[in-house]
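As structure tokens, the structure follows; a few thoughts come after it.
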Amino acid sequence: MISSNASRILCDMGLRESLDHVGIHMRRVVFMKHDDGAVLSDTRYSDDVEEKLGAPLWQIHRADLHDVLLAKAREIGVKILMGAKVERFDWDAPSALMEGGTAVKADVILVADGYRSSARGEMLGKYEEPRFSGNSAYRALIHRSEFENDPVLEPLMNVNNQTTYCWIGKGCHILGYPIRQGEFFNLVSTQPARHTKGPKFVVPIDPSEFVDQYKDWDPKLVAILNKLPKENVLEWKLCDLEPMKSWIFPGGKIVLLGDASHAMLPSAAQGAGMGIEDGAAIAELLDRITHQEQIPAILKTFENLRLPRCTYIVDSGRQNAKKWHEKDAKGGTVTDEMWEYDVKGAAREIPLAGA
């Protein structure tokens, strides 16, 4: 999901038309009791929700979002070097020292190498795996043809009333909603990890495991699970990061962004959003620079702006999962109020560190 706190940034980049083409506007979120599908909460977003929030609520396949961002980067002349492995950083130069001995120099380096970041390990002096939640996610896409002419399942694919269905309770939860303009039904569950307790982070599983895990749940959900494809059903280890004291390398010219600094559980529904906010914030702050000597102050200002918000949202992901897994789970989230946040405005207004 790309909520309005992030979608307004993408719209400002001129990506509205492209993302409207691949995304679906979310209209409704329904939380249901795990065993019988009884509705626990039903939140509807009216036609004027975009006017109220200032930007759309999109549900987009991550590959489609990547494609749109890549096309924009190429359009504006961003140089993208594939297959280039960074071995370490020169903190003072600053520069990235590449495999083979090449050094790529810059005024400032933004490091976004994901939740298993080697750069984070370099900064901290040792590599640490992200915090394992004890849970995993089963993920699958079901083609819309599997629901056709089924009076119970076909209405789930109505993109004109785009609905996220969430079954909760009994130590697990499952989300389902149409994706790619209704071509697929996206299904993501969270439950105690089975095959990803050890070193493996992504494991293909037999669809029967997914079905068996939830065979006693709401009959409608079981009917959906019986439509799972025979291949490409995956189990993903679910991890986040404990809050870091700082994201800035010694020397003040290199900083971590995105999952490398604040990986969060999918129950926060803000993983992509926080990365997009990071990018917008650092761009706005760097635009305030008049000379290179200000870079350390700019990165510290970035950290002052972003670390508290991201730490709060990491915790919200944990709290959402916890409340959805309770025996008498009631539904709802602790993150919806975050959608109104304007990171670009905040970045323009925050005093520069040391000023």
Side-chain angles (χ1 to χ4, degrees), residues 1-11 15-32 37 39-69 71 137-168 173-189 210 218-229 232-233 266-267 269-273 276 331-333 335-336 339:
M1 177 184 176
I2 303 296
S3 49
S4 54
N5 54 298
S7 66
R8 66 168 49 90
I9 298 166
L10 300 175
C11 290
L15 300 177
R16 176 63 189 260
E17 183 177 351
S18 297
L19 291 171
D20 271 340
H21 181 69
V22 297
I24 310 175
H25 291 258
M26 189 174 73
R27 300 297 185 188
R28 185 181 176 214
V29 178
V30 182
F31 283 88
M32 296 165 289
V39 174
L40 299 170
S41 68
D42 188 342
T43 304
R44 298 171 186 264
Y45 301 100
S46 59
D47 291 340
D48 63 349
V49 66
E50 182 174 340
E51 182 178 348
K52 292 177 180 178
L53 293 173
L57 301 174
W58 276 316
Q59 288 181 310
I60 302 175
H61 192 290
R62 69 176 66 191
D64 295 333
L65 176 60
H66 292 169
D67 286 345
V68 169
L69 291 173
Y138 294 162
R139 299 177 183 269
L141 293 174
I142 303 173
H143 194 266
R144 63 186 175 194
S145 60
E146 295 291 336
F147 291 4
E148 287 177 357
N149 301 317
D150 187 314
V152 174
L153 301 185
E154 189 170 37
L156 301 178
M157 301 301 292
N158 180 11
V159 298
N160 293 318
N161 186 34
Q162 175 75 359
T163 300
T164 296
Y165 301 91
C166 187
W167 290 265
I168 60 175
H173 72 271
I174 300 185
L175 290 171
Y177 52 88
I179 203 76
R180 286 192 161 169
Q181 300 297 332
E183 183 179 0
F184 293 99
F185 191 77
N186 187 40
L187 201 61
V188 184
S189 70
F210 202 163
D218 177 17
K220 181 185 286 188
L221 174 60
V222 175
I224 294 171
L225 292 171
N226 284 327
K227 303 292 187 179
L228 285 169
N232 296 321
V233 179
S267 45
Q270 286 292 334
I276 292 168
T333 73
T335 54
D336 289 1
W339 296 352

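Values below: every heavy atom of this structure, side chains too, minus hydrogens, waters and symmetry copies. In this chain, residues are counted from 1 in sequence order.
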What distance separates [X] [atom1] from [Y] [atom2], expressed to the nearest 0.5 Å?
{"X": "Met32", "Y": "Tyr165", "atom1": "CE", "atom2": "OH", "answer": "7.5 Å"}
{"X": "Leu57", "Y": "Gln162", "atom1": "CG", "atom2": "CD", "answer": "11.0 Å"}
{"X": "Ile276", "Y": "Ile2", "atom1": "CD1", "atom2": "CD1", "answer": "4.0 Å"}
{"X": "Asn186", "Y": "Leu175", "atom1": "CG", "atom2": "CG", "answer": "8.5 Å"}
{"X": "Lys220", "Y": "Trp167", "atom1": "NZ", "atom2": "CH2", "answer": "7.0 Å"}
{"X": "Leu187", "Y": "Lys227", "atom1": "CG", "atom2": "NZ", "answer": "14.0 Å"}

Sub-4.5 Å side-chain heavy-atom contact between [X] and [Y]:
{"X": "Val68", "Y": "Ile60", "result": "no"}
{"X": "Val29", "Y": "Tyr45", "result": "yes"}
{"X": "Cys166", "Y": "Val30", "result": "no"}
{"X": "Leu65", "Y": "Leu10", "result": "yes"}

Exercise. If you draw a 6.0 Å radius around CG in Asn226, do more than 12 non-hydrogen atoms from other residues or ligands fall strictly inside?
Worked result: yes
Exercise. Is the number of heavy atoms from other residues, nucleotides or ligands within 6.0 Å of CZ (Arg16) greater than 12?
Worked result: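 Count over threshold, so yes.
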Looking only at heavy atoms, what is the nearest atom pair of [X] and [Y], with distance?
{"X": "Arg8", "Y": "Gly54", "value": "NH2-CA, 4.0 Å"}
{"X": "His61", "Y": "Ile179", "value": "N-CD1, 3.6 Å"}
{"X": "Glu50", "Y": "Pro56", "value": "CG-N, 3.7 Å"}
{"X": "Pro178", "Y": "Leu156", "value": "CG-O, 3.2 Å"}
{"X": "Ala137", "Y": "Val188", "value": "CB-CG1, 4.2 Å"}
{"X": "Val233", "Y": "Ala140", "value": "CG2-CB, 4.1 Å"}

Problem set entry | Reference residue Thr164; test side chain to side chain contact (heavy atoms under 4.5 Å, CB included); the match among Gln59, Arg27, Met1 | Gln59
For this session: Just grab all the side-chain hydrogen bond (donor to acceptor under 3.5 Å, both in side chains) pairs involving residues 146-161, residues at least two apart or on different chains.
Result: none
For this session: Please work out whether the ring planes of Phe184 and His143 are parallel, tilted or perpendicular, with thresholds of 30° and 60°.
Result: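 Phe184 vs His143 ring planes: perpendicular.
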For this session: Classify the ring geometry between Tyr138 and Phe210 as parallel (under 30°), tilted (30 to 60°) or perpendicular (over 60°).
Result: perpendicular
Exercise. Any chance the side chains of Gln270 and Asn5 put a donor and an acceptor closer than 3.5 Å?
Worked result: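 Checked: Gln270/Asn5 side chains pair up, N/O donor to acceptor below 3.5 Å.
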Problem set entry | No-hydrogen, no-angle side-chain donor-acceptor test under 3.5 Å, His25 and Asp20 | yes
